[in-house]
Structure formats: structure tokens, C-alpha cells
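Reading through the C-alpha cells given below for one structure.
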Amino acid sequence: MTHTAIVSALHDELASVLALMPDEHQQVVGGREFWVGHLHGQDVVAVLSGIGKVAAATTATLLIERFGVKRIVFTGVAGGLGSGVQVGDVVLARSFLQHDMDASPLFARHEVPGYGRARFDAAAGLTDALELACDRMLHTLPQQLGAETVAAFGLQAPRLHQGLLISGDRFVATTAESAALQRELPDALAVEMEGAAFAQVCHDFGVPLAVVRTISDRADDTAHMDFPRFLREVASRYSGAVVEALFSNR
Ligand code: SAH
């Protein structure tokens, strides 16, 4: 794979990606630190997405227009919505939707004006490759997490889910809001704040996108759990291992 962007949602995840890059150098554009270098001999650019749809869309556009990336792989965390999508599970996006897009009654609820659609697809080939990488990661990594970490977050044998990922400019942290989203979009597996923005920009430029999210919370009243600790001990290790598996083909 050449010219691949690796986008992380949060600092700990980016750090675990940078640890895999031997020779990166920094370029600052639009207040963002882009890390240009190699991963297993392939050209990559690593960057933080920025939180929320606008920050994400700007980062995606810069990656494509300024850095000429030919594909984008995004790793991050998300709140689980679908029944059976538990903390420590992994969700691979096959499609995206902006749950807070509402130009009704002019357009159907969730439809993005000008696009004639609400849902955007993930790139099948790249997502298939990421699926294999997730499978490889889930085979080995969970057993390497310490017993204390497993107990602290009540982690079960982690599962991989694939389907609809929804994004909006809200951290969903009440059971009422999570239930409303589940009622409105019953097939949504998880909610976060950037994926669908990347999908819209990638659609505009014809750039393949694949997104994987580790479930950090259930987007409900218990979503207040120890987020930094989960990032440090679980999510960032998942991200690093998935990226390593994707590029090493092992
Ligand atoms: N305190 C954090 C801020 C996290 S914002 C920090 O260290 O900066 C939440 C991030 O996690 C966003 O990138 C979003 O995509 C994702 N996320 C995780 N759980 C979420 C939820 N329940 N609702 C919305 N976004 C969520």
C-alpha cells in the first residue's frame, strides 16, 4: 500500500501508530501536525483527526489535497449502540450516516443536501483488508491485556461487528439519547463524532476509506467510565496492533 493516511481520533492512539514509524517528520498545516514517513516500507501520513465533523472534514481534505493520500484508514473509539456491542468489542464500518443531519422537511431526515443520500459506503476492498487485520489482532491481543485491565472494564471475549457507524457533533452519554438513536436507527452499531464526515469527503474525492472503532462505552449513563485509562490500556493498543497487522500482512 502506498500513500496511505492513518488517522487516529485521540493522542494515545496516534502515539501507538508513531511508535511503528521509524523515520517520521512533522509538517504543520492548518494547525494540525501531520507525520510523514514509512510503515513497513510503505509511504504513510499519520495525523489526529480532530474531534467533531468539521475538524474531521478539514483533516480529510488536507490529507487528500495537500498530502495526496490514495486511501485513508481511521482508528478510534466509539460508543456501542447495537445490542451485543460491548465495551472492548471492535466495530468495522461498512456504511456511515450523520445522525444529527436534519434538513427536513426540505429533505428526508438524515439526507445530506446535495448528495441525494443519507448513507455513505466504506470502501469494500480496504475494509476487507482491515477486517483481516482486526481478526488477527483479536486473536492475540486481548489475551495480552492484564487481568486488572480486563476486570476494570468488565471485558469479555471481544467480538468484531460490521455495519452502520453513525456520527454527530455530540458525545452521547445518556441512556435516553442512546435509546432515541437506537429507535431512530435500529441498525446502527456504534456512535462517534468523525467517521461520517470522513466518508462524505472521501466520497467527494473518490478516495477509499476504512474505519475501525474500539467500543469505549455504551453511550449511556455509564459512559463516564475511566476514558483515559481505557484509551491507554485498551484502545491505543488495539489501534497499534490493527495498523501493524494491516501493514505487515501478518
Ligand atoms: N476526553 C477526550 C474527549 C473525547 S471526545 C479527550 O481525551 O480528548 C470523544 C471521542 O471518542 C470522539 O473522537 C468520538 O468519536 C469518540 N466517542 C467515544 N464514545 C462516544 C460516544 N458515546 N458518543 C460520541 N462519540 C464518542
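Read the numbers this way: they start at 1 and go in the same order the structure lists the ligands and their atoms. Keep in mind that what you see is a predicted model, and the values were worked out from it rather than measured.
- Ranking protein heavy atoms by distance to atom 13 (O) of ligand 1, first place goes to Glu194 OE2, 2.8 Å.
- For Arg94 (side chain) and Leu165 (main-chain N/O), no donor-acceptor pair under 3.5 Å exists by modelled atom type.
- Those atoms of ligand 1 with a heavy atom of Asp217 less than 4.0 angstrom away are 18 (C), 19 (N), 20 (C), 21 (C), 22 (N).
- Near Ala219, with a cut-off below 4.0 Å to any heavy atom, the atoms of ligand 1 are 22 (N).
- One finds the CD1 atom of Ile64 at 4.5 Å from the SG atom of Cys202 (value rounded to the nearest 0.5 Å).
- Hydrophobic clustering, with ILVMFWY side chains joined whenever heavy atoms are under 4.5 angstrom apart, keeps Val211 apart from Leu97.
- Within the 6.0 Å centre-distance limit, the rings of Tyr115 and His203 are counted as a close aromatic pair.
- Below 4.0 Å from some heavy atom of Val172 lie the following atoms of ligand 1, by number and element: 21 (C), 22 (N), 23 (N), 24 (C).
- Every atom of ligand 1 is numbered from 1 in the order shown, and the set under 4.0 Å from a heavy atom of Phe227 is 2 (C), 4 (C), 11 (O).
- Judged purely by atom type and a 3.5 angstrom limit, Thr175 uses its side chain to pair as donor or acceptor with the backbone of Asp221.
- The nearest heavy-atom contact from the protein to atom 16 (C) of ligand 1 is Val77 O, 3.3 Å.
- Ser167 and Glu194 share no donor-acceptor pair across their side chains, judged by distance under 3.5 Å alone.
- In terms of protein heavy-atom proximity, atom 5 (S) of ligand 1 is closest to Ile51 CD1, 3.7 Å.
- Side chain to side chain, Thr59 and Arg32 meet the donor-acceptor criterion of an N or O pair below 3.5 Å.
- Taking the ring centroids of Phe198 and Phe74, they lie under the 6.0 Å cut-off.
- Scanning the protein heavy atoms around atom 20 (C) of ligand 1, the nearest turns out to be Phe171 CE1, 3.3 Å.
- Residue contacts with ligand 1 include Ala78, since one or more of its heavy atoms lies under 4.0 Å from the ligand.
- Under 4.0 angstrom from ligand 1, there are no non-hydrogen atoms of His99.
- Not a single heavy atom of His11 sits less than 4.0 Å from an atom of ligand 1.
- Salt bridge annotation for Arg232-Glu13: absent, with no cationic side-chain nitrogen under 4.0 angstrom from a carboxylate oxygen.
- Applying the 4.0 Å criterion to heavy atoms of Arg170 picks out, from ligand 1, the atoms 23 (N), 24 (C).
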side-chain hydrogen bond (donor to acceptor under 3.5 Å, both in side chains) between Gln182 and Ser178, worked out | CA-CA 6 Å; Gln182 287 174 57; Ser178 159; 3.1 Å; yes
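- The contact set between ligand 1 and Met193, taken as ligand atoms under 4.0 Å from a residue heavy atom, comprises 12 (C), 14 (C), 15 (O), 24 (C), 25 (N).
- Here is the list of ligand 1 atoms found below 4.0 Å of a heavy atom in Ser216: 18 (C), 19 (N).
- Of the protein's non-hydrogen atoms, Leu10 CD2, 3.9 Å is the one closest to atom 6 (C) of ligand 1.
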